[in-house]
There are 2 protein chains.
Amino acid sequence: MPDSIHAIPEVVILRLPLYVRVLTQLKDEGTEVISSRELGDRLSVTPAQIRKDLSYFGRFGKQGRGYNVSYLVGELRQVLGLDRQWNTAVIGIGRLGRAIINYPGFAPEGFKVVAAFDADPAQVGRQFEDVAIQSIGEMQQTIRERNIAIAIVAVPAPQAQRVISELVSCGVKAILNYAPIAPQVPEDVRVRNIDPVLALQTMTYHLKVRQDEAGS
Amino acid sequence: MPDSIHAIPEVVILRLPLYVRVLTQLKDEGTEVISSRELGDRLSVTPAQIRKDLSYFGRFGKQGRGYNVSYLVGELRQVLGLDRQWNTAVIGIGRLGRAIINYPGFAPEGFKVVAAFDADPAQVGRQFEDVAIQSIGEMQQTIRERNIAIAIVAVPAPQAQRVISELVSCGVKAILNYAPIAPQVPEDVRVRNIDPVLALQTMTYHLKVRQDEAGS
DNA sequence: TTTCGATTGCGCCAATTGTCACAATTCTAC
DNA sequence: GTAGAATTGTGACAATTGGCGCAATCGAAA
Ligand SMILES: NC(=O)c1ccc[n+]([C@@H]2O[C@H](COP(=O)([O-])OP(=O)(O)OC[C@H]3O[C@@H](n4cnc5c(N)ncnc54)[C@H](O)[C@@H]3O)[C@@H](O)[C@H]2O)c1
Ligand SMILES: NC(=O)c1ccc[n+]([C@@H]2O[C@H](COP(=O)([O-])OP(=O)(O)OC[C@H]3O[C@@H](n4cnc5c(N)ncnc54)[C@H](O)[C@@H]3O)[C@@H](O)[C@H]2O)c1
């Protein structure tokens, strides 16, 4: 294991999917080779950062030339584990949960919703896009049987921590959370929050300075 | 300007809304005082980090006691500019755009959708939740007149960069982007991307290691 | 009033993250 | 085949960010 000696910074992992996205787009546009400078321009990142990030995982480029787009995107997909299908479950099949099940953006990227759970007995049994809604009681068994590694949480905020804790006890190690809370999980479990309000609130600080100046 | 000498790290600004969220919840639960340790436990952040973050903006706590929750949340809201209403516009009134206009989570936090734009003439004039859809041609004027500082982009990916550039030329300085692209904007414009696929792709790296180990 | 446990704010240091700069290499053109 | 332009990968350094530890202070209790 030659490259597992150096731990790879988490920030690097966070940037890789961005690289994959832009490289995929370049590939579709027919670009065969790209330099770290051009890629950096597209991503508003310095060329040095791109080169260093990539160097954690191998030597993918050629001096004087750049990176072969197809090759690089393939290598990065493999590094990230995007070269396989990931089964997911959605929990909370309300308005948002249904939208998630119907969202056509997941499947092409290898994320497949194979199970759906809701606490409301009236929902159980209904079908959306080949997925039948199951009761919460069936969750643990289904997660095991269907090899579900990723859960998507779309329950109301007051229920979210409880649901997340239950998912953790079912062995789920990755959670995409849409509820507006700060979930607590053991450190071997990853959570990403989708939270547009939080995102807006991180921008107003800068707008405020501008607005205050204008007013004074 | 006593505290504008030291620039405030962007990471700190990114954490403040989280603090606000948890503090608001504590306030609703009736907690009057909280220590940095307890707050840190709730957020999976070290107490030292919380104290340091807060110290950029003032001395809000009392030794031996902690922070008064109501007071602190009020101060932080003021720091972030959450003590006022922010007018926003949604661009792209398809399935997602309509869901955003109907989303009840924005208004209580002071973000009000006051305008909606779509390129499709068939959409123009239709009404959602007191917001009438306008044509793209009216965008610049409406943004000025209605003092819109924040735009929410929900157009298809191929159109997104063009729409974002146009918003920038209308003077918008903050953009919440839902399209799966890496937008390019001048450095005085802030963009936050809502991108569940990217979020999932940052987690599979760690799952992969686990899965590979299990298989070997 | 005094003592004591608790907790902040912050100086200082440690760890992490980002950038520079350059030798090594590749490709092209002649 | 050689010269020159382009660009990588990386070691060394710089900047940023996080955390320790403690003096100062607060509130409670005796
Ligand atoms: N991040 C975003 O972009 C975004 C957008 C919209 C909504 N939301 C959030 O998503 C959540 C759901 O929103 P919605 O509009 O779909 O609400 P909803 O009320 O329509 O649906 C919630 C569903 O969760 C189910 N549920 C409740 N408790 C449950 C439990 N313990 N286990 C399983 N299922 C349970 C309910 O039966 C219901 O079907 C809320 O927390 C909301 O704030 C986030
Ligand atoms: N981040 C997320 O959670 C998430 C979820 C769903 C969809 N999306 C993304 O949001 C976008 C919209 O998705 P949707 O399902 O609403 O698509 P849609 O096709 O239903 O709606 C798109 C709308 O944008 C309008 N439009 C197209 N070009 C425009 C332009 N130049 N100016 C103004 N309006 C224009 C169209 O007329 C249409 O009404 C897509 O990029 C999609 O990938 C993101």
Side-chain angles (χ1 to χ4, degrees), chain A residues 2-19 22-23 26 31-73 75-76 79 187 202 205, chain B residues 2-19 22-23 26 31-73 75-76 79 187 202 205:
Chain A
D3 46 17
S4 65
I5 302 163
H6 310 282
I8 289 155
E10 185 64 18
V11 267
V12 174
I13 303 300
L14 296 177
R15 280 191 293 265
L16 293 188
L18 265 170
Y19 299 168
V22 169
L23 286 165
L26 285 166
T31 308
E32 287 179 7
V33 171
I34 193 163
S35 68
S36 58
R37 187 179 48 74
E38 291 171 293
L39 189 54
D41 288 346
R42 290 246 190 174
L43 285 159
S44 310
V45 160
T46 63
Q49 175 142 83
I50 289 175
R51 293 204 299 275
K52 189 144 213 196
D53 284 353
L54 298 180
S55 76
Y56 283 105
F57 304 98
R59 306 170 59 141
F60 306 121
K62 281 215 182 98
Q63 284 107 326
R65 197 158 155 68
Y67 300 88
N68 177 300
V69 174
S70 296
Y71 172 68
L72 181 55
V73 82
E75 291 293 304
L76 289 183
V79 164
E187 67 174 34
T202 64
Y205 173 75
Chain B
D3 47 18
S4 66
I5 305 165
H6 309 285
I8 289 155
E10 185 64 18
V11 268
V12 173
I13 304 299
L14 296 178
R15 281 191 292 267
L16 293 188
L18 264 171
Y19 299 169
V22 169
L23 287 166
L26 285 165
T31 308
E32 287 180 6
V33 171
I34 192 163
S35 69
S36 59
R37 187 179 47 74
E38 291 170 293
L39 189 54
D41 288 347
R42 290 247 189 173
L43 285 159
S44 311
V45 161
T46 63
Q49 176 142 83
I50 289 176
R51 294 204 297 275
K52 188 148 212 193
D53 285 352
L54 297 181
S55 76
Y56 282 105
F57 304 98
R59 307 170 59 140
F60 306 121
K62 282 215 181 101
Q63 283 104 328
R65 198 157 154 69
Y67 300 89
N68 178 300
V69 174
S70 296
Y71 172 67
L72 181 55
V73 82
E75 290 293 304
L76 290 183
V79 164
E187 66 175 32
T202 63
Y205 172 76

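Keep in mind it's a predicted model, so treat the numbers as computed, not measured. In what follows, chains are A, B, ... by sequence order, proteins preceding strands, each numbered from 1. Computation of the quantities below employed the complete heavy-atom set of this structure, encompassing side-chain atoms and omitting hydrogens, waters and symmetry-equivalent molecules.
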Rounded distance in Å - CG (Asp53(A)) to C1' (dT8(D)): 14 Å

Whole-Å distance separating the OH atom of Tyr56(A) from the P atom of dT8(D): 17 Å

Short side-chain N/O contact from Arg59(A) to OP1 or OP2 of dG9(D), under 4.0 Å: no

Between dT7(D) (C1') and Leu54(A) (CG): distance, integer Å: 13 Å

Distance in Å, Leu23(A) CG paired with Tyr67(A) OH, rounded so as to fall on 0.5 Å steps: 10.5 Å

Flag side-chain contact, heavy atom, 4.5 Å: Tyr19(A) against Leu72(A): no

N/O (side chain, Gln63(A)) to phosphate O (OP1/OP2, dA24(C)) under 4.0 Å: no

Polar pair under 3.5 Å, donor/acceptor by atom type, side chain Lys52(B), base dG19(D): yes

Atom-pair distance (CD on Glu38(B); C1' on dA6(C)), nearest Å: 11 Å

Any Arg15(B) side-chain nitrogen or oxygen under 4.0 Å from OP1 or OP2 of dG18(D): yes

CD (Glu10(A)) with more than 12 external heavy atoms under 6.0 Å: yes

Phosphate-side-chain proximity, Tyr67(B) and dA6(C), N/O vs OP1/OP2 below 4.0 Å: no

Side-chain N or O of Arg37(B) closer than 4.0 Å to phosphate OP1/OP2 of dA6(C): no

Length of the line joining Asp41(A):CG and dT7(D):C1', which is rounded to integer Å: 14 Å

Below 4.0 Å: OP1/OP2 of dT8(C) and any side-chain N or O of Ser36(B): yes

Length of the CD1-C1' vector between Ile34(A) and dT26(C), whole Å: 18 Å

Closest-nucleotide 5' rank along DNA chain C - winner of Arg65(A) and Ala48(A): Ala48(A)

Spacing of Ile8(A) atom CD1 relative to dT16(C) atom C1', expressed in whole Å: 15 Å

Residue whose closest nucleotide on DNA chain D lies nearer the 5' end, Arg51(A) versus Gly64(A): Gly64(A)

Rounded distance (Å) that lies between atom C1' of dT8(D) and atom CG of Asn68(A): 15 Å

